[in-house]
Amino acid sequence: MITITLPDNSKKQYKEGVTALEIARDISEGLARNVLSAKINGEVWDAIRPIDKDADVRLLTSRDEEGMATLWHSSAHLMAEAINTLYPGVKFGIGPNIEKGFYYDIDFGDYEISEKDFEKIENKMMEFAREKQLFIRQEVSKAEAIEYFTGKNDEYKLELINELDDGEITFYRSGDFVDLCRGPHLPDTGFIKAIKLLNVAGAYWRGDIKRKQLTRIYGITFLKKKDLTDYLQFIEEAKLRDHRRIGKDLELFTFSQLVGSGLPLWLPRGAELRERLENFLKKVQREAGYEQVITPHIGKVELFKLSGHYDKYGEDSFQPIDTPIEGEQFFLKPMNCPHHCEIYKSKPHSYKDLPIRLAEFGTVYRYEQSGELHGLTRARGFTQDDAHIFCRPDQLKDEFIGVIDIVMKIFKALDFKDFITQISLRDSNDKEKYIGSDENWEKAEKAILEVSAEKKLPNTIIKYGEAAFYGPKMDFMVRDALGREWQLGTIQVDYNLPDRFEMEYVGSDNQKHRPIMIHRAPFGSMERFVAVLIEHTAGKFPLWLTPVQAIILPISEKYNKYAKKVLTLLNNSDLRARIDERSEKTGRKIRDAEVNKIPYMLIVGEREEAESTISVRKQGEGDLGEFTVDQFVKRVNEEVNTIYS
RNA sequence: GCCGAUGUAGCUCAUUUGGUAGAGCGCGUCCUUGGUAAGGACGAGGUGACGGGUUCAAAUCCCGUCAUUGGCUCCA
């Protein structure tokens with residue numbers, strides 16, 4: 001007999017070879033039907049794999065991430081089984097579960113696969129699922145494994161097997177399909193009740209651009225049909241929040257084939273919105289001791305050779321601009337820092353001058369690969385809310401705190417609650433990779449960790465070995481409507497450029513010292529930030545940002561004159577308002593304003609004109625009653641000013 | 001850049017197998033002058049992304065280019 005300990009610490013005696021599924025059945029038949037896999041002494045196992053010694057057992061269901069991982073991993077096998085039946089002779093690469101669903105990389109040989117084939121594959125998968133095929137685990141020797149896949153002529157599996165040690169190789173069989181797999185899997189395919197293949201993509205074998213490109217098919221499955229319907233609905237709703245769509249609807253930005261892909265054109269309303277964001281940040285930065293600078297969009301090749309950008313990225317960048325007569329070469333700037341370094345160097349500095357904080361909304365150009373462009377989140381020309389802080393080592397921590405304060409102010413003003421903070425430190429086993437002294441690195445990394453703890457930043461992850469070669473950094477990331485992660489703000493310590501540019505300041509000891517540089521961009525780029533903001537708010541921007549704050553709706557054309565009077569009053573108070581002068585009924589005007597997400601609707605008719613008032617309706621909420629214009633302006637100003645509190 | 005998909009009116013889409021294009025919304029004019037989420041009538045709008053080919057005939061079939069898009073790779 002062995003002792004099984006459950007998560008509530010209850011202990012039970014079982015025969016050797018008992019399975020998690022049997023333990024579940026012992027608790028209740030309903031639970032047994034929902035067990036996908038189980039955690040045995042911290043390792044996820046098949047629910048039907050015999051347990052032969054004392055163990056801690058936690059049953060995994062659809063409520064556990066690991067349970068869903070098992071479902072999706074098994075689904076990848078089911079898909080492979082279906083494909084193996086429908087397209088004999090195809091070869092399989094890897095087929096893991098992912099955060100939401102699974103994929104399988106497959107070499108289809110001469111078959112041409114597109115989304116048109118999905119239905120056929122889904123149907124075959126459903127057929128096998130209904131057969132409730134068992135997933136059978138089998139331990140094999142390396143020689144057996146090699147023999148099997150040599151027979152199948154599958155060089156991908158053979159490559160994987162060759163990297164494994166004898167004695168740790170397992171196969172899983174479902175139906176007639178055998179796959180090299182570590183497991184674990186569902187008890188049988190019958191758990192899979194809803195299947196949807198999502199898309200097909202090319203993927204290089206082992207992620208290596210030099211190797212063969214396989215066909216990757218993504219899919220998702222669920223235990224209940226309803227879950228799939230809900231998931232597909234979520235995708236549809238997320239699409240409605242897509243910044244590319246809303247940006248078009250609200251006339252914020254556009255792209256032009258003639259101008260070139262990845263080069264956004266900001267329309268008047270988008271430009272206004274962006275300008276308000278910039279002004280907000282400028283104000284915050286001024287208060288924090290920043291100074292604005294302005295630099296040109298190009299610089300001589302020598303500048304970027306000095307900064308090191310040329311060597312590292314020159315060939316993959318927009319190519320140099322040549323002057324016709326002198327034969328000089330200029331680069332579009334991919335970063336603002338070299339220009340700012342030259343500003344620092346324009347005069348000598350004393351330790352008393354530091355820190356110097358140079359800020360610029362600097363537009364940069366990077367040749368992103370065509371397949372990588374994505375609306376405003378990935379563009380070839382974009383504007384960073386850049387600043388470079390030049391400081392002494394003893395000032396590093398305070399400067400870091402100052403930057404985090406700015407980032408938090410912005411996130412608060414825009415109601416970003418859901419973000420991740422990533423701290424990237426160096427890999428201390430591979431110090432050769434990094435520039436700068438050991439002492440400086442240790443000091444900077446310690447400062448960052450301390451600041452992060454003091455500021456109690458939520459969702460902080462620390463990654464070792466992710467630092468740039470020139471210094472540790474802290475990044476702020478958010479998710480877009482479709483769950484993709486985007487980096488927004490960044491704070492990076494840099495020991496490299498001060499060296500390259502031979503920057504100096506005179507210390508209190510009358511000796512020359514090298515300053516530390518901090519790159520920071522709280523928004524990241526205006527383009528990406530606005531994109532994320534659009535998706536975050538679904539286009540319902542906060543009042544202080546929105547293009548049109550209020551729309552005046554005259555009950556009939558008889559009151560247009562009064563409406564204009566109200567408009568003038570509002571404009572004089574710096575409110576952004578318009579009038580809907582169409583000869584439409586009030587219900588219609590209200591509907592259109594609601595759909596256009598205009599925060600306030602101001603209804604004026606006979607009564608309002610007589611009493612010199614406006615009837616205020618708030619978007620999404622409804623009628624707020626009668627206000628004088630002064631009362632309304634006061635209300636709006638109070639609402640707007642909350643961003644600075 | 002690579003694999004897959006897409007490109008028809010300002011927007012969202014339709015046009016069964018090739019026979020010179022339609023709808024809704026929006027827009028314009030007129031009627032209507034209305035009180036908290038769609039009043040009515042009429043009308044204007046399209047080189048079917050662009051270039052080439054096949055055909056008596058191409059939005060439709062083929063090739064190329066550009067752009068968009070889901071991934072991969074890359075990412076300062």
Side-chain angles (χ1 to χ4, degrees), chain A residues 98 103 105 108 112-118 198-218 235 239 242 244-245 248-249 251 254-262 304 307-310 312-314 316-317 333-338 364-375 378 382 384 386 468-470 473 482 484 487 490 492 494 496-497 519 521 524-525 553-560 582-596 601-608 615-626:
Chain A
I98 51 177
Y103 67 79
D105 285 346
F108 274 93
E112 284 189 22
I113 295 300
S114 77
E115 282 160 29
K116 293 187 191 81
D117 301 283
F118 284 0
L198 297 168
N199 45 46
V200 55
Y204 298 104
W205 172 234
R206 314 214 88 175
D208 185 344
I209 192 161
K210 290 192 271 299
R211 307 197 64 177
K212 186 158 183 187
Q213 190 165 45
L214 306 181
T215 304
R216 175 172 297 180
I217 298 180
Y218 286 89
I235 299 281
K239 279 187 191 158
D242 194 309
R244 294 165 297 187
R245 180 196 174 93
K248 196 184 242 178
D249 282 354
E251 296 185 12
T254 188
F255 290 89
S256 147
Q257 289 195 17
L258 253 186
V259 173
S261 58
F304 297 106
S307 70
H309 293 109
Y310 182 84
K312 212 163 159 55
Y313 306 106
D316 303 322
S317 178
K333 65 177 176 188
M335 295 182 84
N336 301 300
C337 27
V364 297
Y365 299 89
R366 301 176 186 179
Y367 188 79
E368 302 293 350
Q369 294 185 78
S370 57
E372 190 54 45
L373 300 174
H374 184 88
R378 180 72 110 205
F382 57 95
Q384 296 180 309
D386 212 355
F469 73 93
Y470 50 78
K473 60 178 180 175
L482 290 166
R484 289 171 294 221
Q487 185 192 307
T490 182
Q492 309 187 0
D494 188 345
N496 178 42
L497 288 180
H519 308 248
S525 85
L553 310 181
I555 295 288
S556 86
E557 285 167 13
K558 279 188 282 191
Y559 311 106
N560 281 358
R582 295 174 305 166
S583 68
E584 292 292 347
K585 290 168 104 166
T586 309
R588 176 52 182 273
K589 292 183 182 179
I590 287 171
R591 186 192 138 80
D592 288 347
E594 287 278 350
V595 168
N596 286 318
M601 287 150 265
L602 311 177
I603 293 149
V604 295
E606 190 180 354
R607 200 170 64 230
E608 290 79 5
S615 285
V616 178
R617 178 190 166 101
K618 188 160 192 188
Q619 201 266 348
E621 290 179 24
D623 196 359
L624 300 180
E626 273 185 71

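Residue numbers start from 1 in every chain, and the chains themselves are labelled A, B, ... in the order their sequence lines are given, proteins ahead of strands.
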Any side-chain heavy-atom pair of A:Ile555 and A:Glu606 under 4.5 Å = no

Using the C1' atom on both, measure B:rC62 against B:rG71 and round to a whole Å.
-> 27 Å

Working to the nearest 0.5 Å, report the span between CE of A:Met601 and CG of A:Leu624.
-> 9.5 Å

Where the chi angle of B:rG45 falls, syn if within 90° of 0 and anti if not | syn

In whole angstroms, how far is the P atom of B:rG71 from the OH atom of A:Tyr103?
-> 13 Å

Of the residues in residues 201-209 of chain A, which ones touch RNA chain B at a heavy-atom distance under 4.0 Å?
-> A:Ala201, A:Gly202, A:Ala203, A:Tyr204, A:Gly207, A:Ile209

Phosphate OP1/OP2 of B:rC3: any A:Thr215 side-chain N/O under 4.0 Å = no

Any pair with a residue in residues 206-215 of chain A that passes side-chain hydrogen bond (donor to acceptor under 3.5 Å, both in side chains), sequence neighbours left out, goes on the list, sorted by first then second residue, please.
-> A:Asp107-A:Lys212, A:Glu159-A:Arg206, A:Glu159-A:Arg211, A:Glu163-A:Arg206

Are any non-hydrogen side-chain atoms of A:Val604 and A:Leu553 less than 4.5 angstrom apart?
-> no

Return yes if some donor-acceptor pair links the side-chain N/O of A:Asp592 with the main-chain N/O of A:Lys589 below 3.5 Å, else return no.
-> no

Pairwise C1' distance for B:rG26 and B:rG45, with rounding to whole Å | 11 Å

What distance, rounded to whole Å, do you find between the two P atoms, one in B:rG46 and one in B:rC3?
-> 38 Å

Name the closest nucleotide to the A:Glu557 side chain, picking from B:rG4, B:rA37, B:rU33.
-> B:rU33

Once you round to the nearest 0.5 Å, how far does CZ of A:Arg244 lie from NE2 of A:His374?
-> 4.0 Å

By nearest-nucleotide position on RNA chain B, the 5'-leaning member of A:Leu214 and A:Tyr365 is A:Leu214

Value rounded to 0.5 Å, distance of OG in A:Ser615 from CD in A:Glu608 | 3.5 Å

Say you pick atom P in B:rA59 and the same atom in B:rG1; how far apart are they, in whole Å?
-> 29 Å

Neighbour count above 12 (heavy atom, 6.0 Å) for A:Glu115 CD = yes

With sequence neighbours left out, write down each residue that passes salt bridge (charged side-chain N to carboxylate O under 4.0 Å, His left out) with A:Glu594, or none if nothing qualifies.
-> A:Arg617

B:rA57 versus B:rG40 - spacing of their P atoms, nearest Å | 47 Å

Could you check whether A:Gln384 gets within reach of a base, just the sugar-phosphate, or nothing at all, counting any heavy atom under 4.0 Å?
-> nothing

Which word best sums up how the rings of A:His519 and A:Tyr470 line up, parallel for under 30°, tilted for 30 to 60°, or perpendicular for over 60°?
-> tilted

Side-chain contact check for A:Met335: nearest option of B:rA76, B:rA37, B:rG34 is B:rA76

Which whole-number value in Å describes the distance from A:Gln492 CD to B:rA76 C1'?
-> 8 Å

Does A:His374 make a side-chain N or O approach to OP1 or OP2 of B:rU68 shorter than 4.0 Å?
-> no

Using the C1' atoms only, state how far B:rG35 lies from B:rG24, rounded to an integer number of Å.
-> 29 Å

Is the phosphate of B:rA76, meaning OP1 or OP2, less than 4.0 Å from a side-chain N or O of A:Ser317?
-> no

Using the side chain to side chain contact (heavy atoms under 4.5 Å, CB included) rule, take A:Ile217 and A:Tyr103 through it: C-alpha gap first, then chi angles, then the decisive distance, then the call.
-> CA-CA 5 Å; A:Ile217 298 180; A:Tyr103 67 79; over 6 Å; no

Does any donor-acceptor pair link the side chain of A:Glu368 with the base of B:rC75 at a separation under 3.5 Å?
-> no

Reckon A:Thr586 touches a base, only the sugar-phosphate, or nothing at all at heavy-atom distances under 4.0 Å?
-> sugar-phosphate

Below 3.5 Å between N/O atoms, which protein atoms pair up with nucleotides 9-13 of chain B? Just atom names and distances, please.
none

What distance do A:Arg366 atom CZ and A:Lys333 atom NZ have between them, rounded to the nearest 0.5 Å?
-> 11.5 Å

A:Lys116 has an atom NZ; how far is it from atom C1' of B:rU6, in whole Å?
-> 11 Å

note: A:Arg216, atom CZ; B:rG4, atom P; distance rounded to Å ~ 15 Å

Would you mind classifying the nucleic acid contact of A:Gly587 as base, sugar-phosphate or nothing, using non-hydrogen atoms under 4.0 angstrom?
-> sugar-phosphate

For the atom pair CD (A:Glu557) and OH (A:Tyr559), what is the distance rounded to the nearest 0.5 Å?
-> 12.0 Å

Side-chain donor/acceptor of A:Gln257 to base of B:rA67, under 3.5 Å | no

Any N or O donor-acceptor pair linking the side chain of A:Arg378 to the base of B:rC75 at under 3.5 Å?
-> yes

Between B:rA37 atom P and A:Met601 atom CE, what is the distance in whole Å?
-> 10 Å

Kindly indicate whether the side chain of A:Tyr204, heavy atoms from C-beta on, has any atom under 4.5 Å from the side chain of A:Leu214.
-> no

Given atom NZ of A:Lys473 and atom P of B:rC75, what is their separation to the nearest angstrom?
-> 11 Å

Provide, to the nearest angstrom, the distance between the CD atom belonging to A:Glu115 and the P atom belonging to B:rC3.
-> 16 Å

Do A:Arg216 side-chain atoms and A:Ala201 backbone N/O form a donor-acceptor pair below 3.5 Å?
-> no

For the pair made of CD in A:Glu372 and P in B:rA76, what is the distance, rounded to whole Å?
-> 12 Å

Listed range with range, the stems formed with RNA chain B by at least 3 consecutive Watson-Crick or G-U pairs (under 3.5 Å) are B:1-7 with B:66-72, B:10-13 with B:22-25, B:27-31 with B:39-43, B:49-53 with B:61-65

For B:rG19 and B:rU15, measure between their P atoms and round to the nearest Å.
-> 13 Å

Hey, is the side chain of A:Tyr218 poking within less than 4.0 Å of OP1 or OP2 on B:rC72, counting only N and O atoms?
-> yes

When the P atoms of B:rC2 and B:rA76 are considered, how many whole Å apart are they?
-> 23 Å

Short heteroatom pairs, N/O only, protein and nucleotides 24-28 of chain B, under 3.5 Å:
| residue | atom | partner | partner atom | Å |
| --- | --- | --- | --- | --- |
| B:rG26 | OP1 | A:Arg588 | NH2 | 2.1 |

Side chains of A:Ile603 and A:Ile590: does their closest heavy-atom pair fall under 4.5 Å?
-> yes

Give, for atom CD of A:Gln369 and atom CZ of A:Arg378, the distance between the pair rounded to the nearest 0.5 Å.
-> 9.5 Å

Given B:rU69, B:rG35, B:rG1, the nucleotide with the shortest approach to the side chain of A:Arg244 = B:rU69

5′-ward residue of the pair A:Ser556/A:Ser370 relative to RNA chain B = A:Ser370

